[in-house]
Student: 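Attaching a single structure in structure tokens format; questions to follow.
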Amino acid sequence: MMLLRPDDRTKLDDSNDNFFYQDPRLVTHVDEGFIDRLTQLYGQQLQPNTKILDLMSSWVSHLPENLTFAEVVGHGMNAAELAKNPRLDRSIVQNLNVDLKLPFEDAYFDAVLNTVSVQYLQYPEAIFSEIHRILKPSGVAIVSFSNRMFYQKAIAAWRDRSETDRVALVCEYFNHVPGFGKPKYIIERSSGPAFLKMLGLGGGDPFYAVIAQREPVA
């Protein structure tokens, strides 16, 4: 049984995502406060000398500099962006809205990370099932996001929800896949009046994260 309806998967710009991402965007999509908070979370959740998949990655790494990993693999939509990411040992380019099968063996990674990109997945049920498949038992998945997005490329199920409801939606993605433990979440809203934040004069990007583990072998 699918979680989303066909209308939930629609995008305002329904052109092929390959065209949208064909030119590298060497910019950051969240502010420094968000990045610092995410790096702090990774420092708490990730272990050294483990294998990491940075899913829907870019040219920026949010991994703590003081942690050394056995392997960091990056996935994204633009090879030039991935080539500039200093933490990646190797990378792949793949459109997850067309090719829903990740090219990795079962139980390969200790952690799968997704930063400010989950809103673009049109078939999250399939991709979260793949995340579970490639995670080792007790491996962790961390999905983080803010309130920014390429609005025309976000699915309707994301666009039509409030920020808090988006946290619940990602929890549903995990709950839909048998074998994930109960997800935990972090909600840290920005402070300051909304009209000042829109002008870039106050507050900061809100920080949301959903964390789930593949259940251990019984």
Side-chain angles (χ1 to χ4, degrees), residues 11-13 17 20-21 23-46 52-67 72 74-78 81-82 84-88 96 111-121 124 127-128 131 140-174 183-212:
K11 299 185 177 188
L12 297 177
D13 176 2
D17 291 335
F20 186 79
Y21 294 103
D23 295 322
R25 292 181 172 87
L26 304 181
V27 298
T28 53
H29 300 288
V30 283
D31 65 15
E32 288 298 321
F34 182 102
I35 293 171
D36 290 345
R37 182 66 183 90
L38 181 59
T39 301
Q40 179 187 34
L41 178 63
Y42 287 165
Q44 296 165 349
Q45 293 289 331
L46 304 180
I52 310 294
L53 174 61
D54 194 355
L55 193 65
M56 305 175 78
S57 184
S58 68
W59 69 290
V60 177
S61 173
H62 306 101
L63 297 171
E65 293 183 0
N66 64 332
L67 284 181
V72 180
H75 156 271
M77 289 287 288
N78 186 281
E81 287 187 18
L82 296 171
K84 287 185 173 293
N85 191 317
R87 294 302 295 271
L88 301 183
L96 296 180
V112 176
L113 316 175
N114 180 274
T115 305
V116 297
S117 298
V118 67
Q119 60 266 29
Y120 307 121
L121 291 174
I127 301 306
F128 275 64
I131 291 172
V140 65
I142 304 173
V143 177
S144 59
F145 50 93
S146 188
N147 57 358
R148 299 199 205 186
M149 70 189 86
F150 296 120
Y151 194 79
Q152 70 273 35
K153 282 296 184 181
I155 64 170
W158 194 269
R159 300 193 313 268
D160 295 344
R161 282 171 164 79
S162 68
E163 292 178 27
T164 302
D165 287 343
R166 291 168 184 165
V167 175
L169 180 63
V170 177
C171 288
E172 288 183 45
Y173 291 166
F174 280 117
K184 302 176 182 178
Y185 57 85
I186 299 169
I187 296 177
E188 296 179 2
R189 296 184 176 87
S190 58
S191 58
F195 75 94
L196 287 180
K197 287 183 285 185
M198 291 177 63
L199 297 173
L201 300 176
D205 289 343
F207 179 84
Y208 305 104
V210 181
I211 306 158

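Everything quoted here is computed from the prediction, not taken from an experiment.
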Student: Looking at side-chain heavy atoms only, is the closest gap between Leu46 and Leu113 below 4.5 Å?
Tutor: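 Contact flag for Leu46/Leu113 side chains = yes.
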Student: Donor-acceptor pair, Ser57 side chain versus His75 backbone, under 3.5 Å?
Tutor: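 No.
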Student: Are Ile127 and Leu55 side-chain neighbours, meaning at least one heavy-atom pair lies under 4.5 Å?
Tutor: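 With C-beta onward as the side chain, the pair touches.
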Student: If we only count heavy atoms from C-beta on, is the Met56 to Leu96 side-chain gap below 4.5 Å?
Tutor: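 Yes, their side chains come closer than 4.5 Å.
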Student: To the nearest 0.5 angstrom, please state how far the CE atom of Met77 sits from the CG atom of Leu82.
Tutor: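 The distance works out to 10.5 Å.
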Student: With a 3.5 Å distance limit and no angle check, can you tell me whether Arg161 reaches the backbone of Leu169 through a side-chain donor-acceptor pair?
Tutor: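 Here the side-chain-to-backbone pair does not exist.
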Student: For residues Ile52 and Val112, determine if any side-chain heavy atom of one lies less than 4.5 Å from a side-chain heavy atom of the other.
Tutor: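 Result no, sub-4.5 Å side-chain heavy-atom pair not found.
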Student: For residues Phe128 and Phe174, establish whether the separation of their ring centroids is below 6.0 Å.
Tutor: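 Ring-ring flag for Phe128/Phe174: true, centres closer than 6.0 Å.
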Student: Enter the distance from Gln119:CD to Ser146:OG here, rounded to the nearest 0.5 Å.
Tutor: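 The distance works out to 9.5 Å.
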Student: Between Arg166 and Trp158 (side chain of the first, backbone of the second, donor and acceptor by atom type, cut-off under 3.5 Å), is there such a pair?
Tutor: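 Such a contact is found between Arg166 side chain and Trp158 backbone.
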Student: Going by heavy atoms in the side chains, are Asp54 and His62 under 4.5 Å from each other?
Tutor: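 They are not in contact (no side-chain heavy atoms under 4.5 Å apart), so the answer is no.
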Student: Report the C-alpha separation of Asp36 and Thr39 in whole Å, then their side-chain angles, then the decisive distance to 0.1 Å, and conclude whether the side-chain hydrogen bond (donor to acceptor under 3.5 Å, both in side chains) test is met.
Tutor: CA-CA 5 Å; Asp36 290 345; Thr39 301; 5.6 Å; no
Student: Answer yes or no: is there a side-chain heavy-atom contact under 4.5 Å between Phe150 and Tyr120?
Tutor: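 Side chain of Phe150 against side chain of Tyr120, heavy atoms only: contact under 4.5 Å found.
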Student: Using only atom types and a distance under 3.5 Å, with no angle test, would you say the side chain of Lys153 pairs donor to acceptor with the backbone of Asp13?
Tutor: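 Checked: pair present.
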Student: Mind listing the closest non-hydrogen atom pair of Ile187 and Thr164 along with its distance?
Tutor: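 Reported closest heavy-atom pair: CD1-CG2, 4.4 Å.
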Student: Check each of Phe145, Tyr208, Phe207 against Phe34 using the ring pair (Phe, Tyr, Trp, His ring centres under 6.0 Å) test, and report the only one that passes.
Tutor: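 Answer after filtering Phe145, Tyr208, Phe207: Phe207.
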Student: Looking at side-chain heavy atoms only, is the closest gap between Ile211 and Leu41 below 4.5 Å?
Tutor: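 Ile211 reaches Leu41 side chain to side chain.
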Student: Under 3.5 Å, is there a donor-acceptor pair linking the side chains of Tyr42 and Ser61?
Tutor: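 There is no such pair between these side chains.
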Student: Does Val143 offer a backbone N or O that forms a donor-acceptor pair with the side chain of Asn114 under 3.5 Å?
Tutor: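 Such a contact is absent between Asn114 side chain and Val143 backbone.
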